[in-house]
Amino acid sequence: MDVGRGSSMRSRSSQPSQDLAEAYVNEKSRKHDSFTEKEQAAASEGAQQMLHRAAPVITRAELFLVGLLTFVALIVRFYHIERPSSVVFDEVHFGGFASKYLSRKFFMDVHPPLAKLLITFAAWLHGFKGEHSFGEIGLEYLTAPDMEQVPYVAMRSVSALFATLTVPLAYLTVRGLSMRPTSALLAALLVIFDNALTTQSRFILLDAPLVFFVAASLCSWVYFCQLDARNAFSRRWWAMLVLTGVCLGLGLSCKWVGLFTMVSVAMAVAVQMWYHLGNLRLPVQTVARHVGARAVCLGVVPLVVYMLTFAVHFKVLSLPGDGESFMSWPFRQTLKDNSMPDTFADVALGSTVRIKHLNTLGGALHSHPHSYETGSMQQQITLYPFMDENNEWIMILAPRDDEYVRKEDGHAVTPDDEYTRFYHNVTHVKDGDMVRFLHKQTMVRLHSHHNHRPPVSTGDYQNEVSGYGFPSERFGGDFNDNWVIEIYKQPRSVRSADKNRPITLRTIFRLRHAMLGCYLYSHNVRLPNWAYDQQEVTCNGSPPMENSLWYFETSEHPLQDVKTSPTINYERPGFLSKFLELNKVMWKVNNDIVDQHTYGSRPHQWPWMRRGINFWVKNHRQVYLIGNPMVWWSVLASVLLYAGIRVLLILRAQRGYKDFTHTTVVQYDRVCGFLAAAYAAHFVPFFLMKRQLFLHHYLPALYIGILLTAAVYDLLSSRLRPMVRLYVTLAMGAWALYEFSRYAPLTYASRWTNEACGSAIRLKTWDFNCVDFPDSKREYADFEPVVSHADGRGSADEDAILPFHLGHVLPQHILPQHLTWRAKPTGAYPEEKPAPSGTSDGDAPVPNVSGLDQSQRQQAVLEGTSALKIPAEEGGSSSRS
């Protein structure tokens, strides 16, 4: 795993150096039948010293080859990138985020901003103003009614360009690991001709930039390790170390999967430092310099890069938007036109107050003239997240028994001055005061009782909270209206003399029911539709502390004046506070995406590609994410082969065999060990995640697995003659190309036939729908084109190899068209029964699409966003990936 120690040092262009190193060890073996541990270490060290002199040299011929491979990748990635001309899969989300960036309205996403900002920048350069909704799969980009035309080719080209540049990085990384040029060629060809990597790079998605920065991080680290062995602390050494840190930060800024790349490099650093520490020729001070340099460049630099992307993110998203509902109320105050006017700092009896819940974003304590449909049937008490006059309460001191006049039936009658009596002077509320809260609009009282359970939380320790009273009869309330203020936390700036007085926006308090002893409580639970899905409020006998905390957001008293009474407002958070809060919210929301998705999958299904993802279906064509079987299963075989060989070597070492004194074994073990550890770091953590997962989460691990496959191939072909090895490499590349071409219709939304589709199904779990493809490609002349032009012309859309497109295309609106199903050929995926007409998902009507099952119409969306709908003429899936 220590690339810097030995795995990046051996060059196939310097074979004599390798032979010399191996001869060194063999000679020692002949002189000493049994190595001592010290002698083994010395032999290995001697071999490594020789190998350090043999750094790989990239020849001009190889540079030409790299350029040629990059050109081929450019064609593969950009080929018919304009197809289809409508929204595909998660373009619903990431295209929509570009619109929101350009409208500068704050939104919430679980991914860091870099890749989305790059896509937005490309759209802005091409004149896009963000007026297209990207609202549903299949929505046309240039001809959707009442929507702006979208430069979607330019936006997709961001991913395609990053995917193209990943190919030379794969070649250079394998060469940097001292593998042969033919092995590097194989790695580049496998990256080029993988269908999943190609499909994911042709749309407005984030994975292609992520994989590029993962590749760039590993490549720069490998070449840094070469310099570390030969020329530590040189300018080039520092440049490569800083470049590694920058690439790590950029990868992390695309998706949090970049953190796994940092872990991969950190493991290599740990092993590298262990060897440096054991090198007695290095002074301790030099080892300390090595540690400090890596800590700064591989720890601080990525964090700075990551934070800088959020600084741009905050600068651009300066206006209120639908994402602000995820953020705290102080955070919202930093958005333009979202500031709350100053309010009085002192809270007095008789004041009109708004009470906010601290821990959730449900909003302010709220009531309205609507009753519960269960329990007491009294007026509803909820939390409401928007400014509203129904959030206003008048706070008064709870009366004594003799203050109210009694009627014959025992009910108290409120005096005329029930709350106006507190307007003669300003009397501050204190810790421990027993108070009542009168709803200003309806004049009911905040009330709780032991004999009714809340509508949703029906536990015995939960009591209903309601609005109770008869204002028309001047009803004076009862003891169940009384609440005791208990101050929980005061700001540090409060004087000791004022510690028992609540301060607006600063003091955190609890409200204890005077009769029941329970606490006013709320949590992230929504009431039924009859309560408008607002957040439930209860009186909890044993509440979690954080959900029973409240604060006064506003306070107004008739005798308070801005000239004489101090005012206050939210303390606006600085950049660091906003950065930390947003990342905490992103983490929470990401973990909350646990709903099942039609095309979701689990990590154990990915390496053998149990199933893919349906991106888009329309006009008898499909875009379906599936990998190249030759590539994916070769990666799986390589991982298993390395694991098996490593276990065998450990067992042999236990039996006294000295395999690790052989330089070839050490070399390949360190190269493959580093790559296998990086592969595991990008794959194993997903087993610990409960969130919604998809096949494309495996792509960074797949890329590293391809590098590992090249290293294993280098070992297996090491005894072949150079020309034979080249022919074998080209044959494997041709095999990958053949398999790529078989599934290209699913990658490029190309024409396909029933028979060809059915014969391409390798596993029964592959669920791309063959029954929609015609019997003959000639029938496509009668179908709507997959790309149309704005002037009404249909696209030529023929699948001959055409020059790749970097400019705009002008498709026109594709009219709705029901799918025409045909007989299923042998081996095709079983045909689904059409959903019955009128089937619904919740309250939203579901279109009756002949031949598509109910699950294909379901969409996975992030909490807080509206449900997506699939038009009647198409099928597909969307997720928050």
Side-chain angles (χ1 to χ4, degrees), residues 1-14 17-18 21 45 47-59 62-63 66 168-181 184 213-251 261-262 264-279 281-283 285-302 305 663 666-667 670-671 673-675 677-678 707 711:
M1 189 169 65
D2 177 20
V3 180
R5 178 72 173 170
S7 63
S8 64
M9 293 304 117
R10 185 167 57 86
S11 173
R12 293 300 179 180
S13 63
S14 301
S17 296
Q18 175 197 356
E45 181 67 23
Q48 295 304 324
Q49 291 294 333
M50 297 175 188
L51 295 178
H52 285 176
R53 303 191 191 106
V57 177
I58 308 297
T59 64
E62 283 189 84
L63 291 177
V66 170
L169 288 177
Y171 185 96
L172 294 174
T173 303
V174 174
R175 290 292 287 124
L177 290 169
S178 298
M179 299 293 103
R180 297 176 177 88
F213 287 119
V214 169
S217 300
L218 296 179
C219 185
S220 56
W221 169 253
V222 165
Y223 283 94
F224 162 78
C225 290
Q226 293 182 6
L227 294 168
D228 188 60
R230 302 192 315 272
N231 198 7
F233 300 108
S234 64
R235 290 184 178 180
R236 293 181 62 193
W237 183 93
W238 280 107
M240 292 307 300
L241 185 59
V242 172
L243 179 61
T244 303
V246 170
C247 291
L248 288 172
L250 294 174
T261 315
M262 296 184 67
S264 304
V265 173
M267 289 190 295
V269 167
V271 176
Q272 196 178 62
M273 291 300 96
W274 181 252
Y275 281 114
H276 279 329
L277 185 63
N279 186 352
R281 293 188 299 274
L282 285 181
Q285 294 85 346
T286 303
V287 175
R289 286 183 64 195
H290 277 285
V291 173
R294 287 159 175 79
V296 172
C297 295
L298 302 180
V300 176
V301 169
V305 171
T663 55
V666 173
Q667 166 70 9
R670 287 180 174 164
V671 171
F674 168 70
L675 294 174
L707 302 184

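All residue numbers in this chain count up from 1 along the given sequence.
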message = For Glu62 and Tyr171: C-alpha separation, side-chain torsions, deciding distance, then whether side chain to side chain contact (heavy atoms under 4.5 Å, CB included) applies.
response = CA-CA 10 Å; Glu62 283 189 84; Tyr171 185 96; 2.6 Å; yes
message = Could you report the tightest heavy-atom contact between Ser264 and Phe674, atom names first, then the distance?
response = O-CE1, 4.5 Å
request  = Hey, could you give me the CG/CG distance between Leu241 and Leu298, rounded to the nearest 0.5 Å?
outcome  = 5.0 Å
message = To check you understand the geometry: which heavy-atom pair defines the closest contact between Trp221 and Ala268, and what is its length?
response = NE1-CB, 3.7 Å
request  = Give the ring-plane orientation class for Trp237 versus His290, where under 30° counts as parallel, over 60° as perpendicular and anything between as tilted.
outcome  = perpendicular
note = Taking every heavy atom of Thr173 against every heavy atom of Cys219, the minimum-distance pair comes out as OG1-CB, 3.1 Å
inquiry  = Could you walk me through whether Leu177 and Leu675 satisfy the side chain to side chain contact (heavy atoms under 4.5 Å, CB included) test, starting with their C-alpha distance in whole Å, then the side-chain angles of each, then the deciding distance to 0.1 Å, before giving a yes or no?
reply    = CA-CA 10 Å; Leu177 290 169; Leu675 294 174; 3.9 Å; yes
task = Nearest 0.5 Å please: distance from the CG atom of Leu172 over to the CG atom of Leu218.
result = 13.0 Å
remark   = Value for CG (Leu250) from OG1 (Thr261), rounded to nearest 0.5 Å, stands at 11.5 Å
Trace of the side chain to side chain contact (heavy atoms under 4.5 Å, CB included) decision for Gln272 with His276 = CA-CA 6 Å; Gln272 196 178 62; His276 279 329; 4.2 Å; yes
message = Which heavy atom of Trp238 sits nearest to which heavy atom of Cys297, and what is that distance?
response = CZ3-SG, 4.0 Å
query = After noting the C-alpha distance and the side-chain angles of Arg175 and Val66, does the key distance pass the side chain to side chain contact (heavy atoms under 4.5 Å, CB included) rule?
reply = CA-CA 11 Å; Arg175 290 292 287 124; Val66 170; over 6 Å; no
task = For residues Pro302 and Gly245, report the shortest heavy-atom separation together with the two atoms involved.
result = CG-O, 3.3 Å
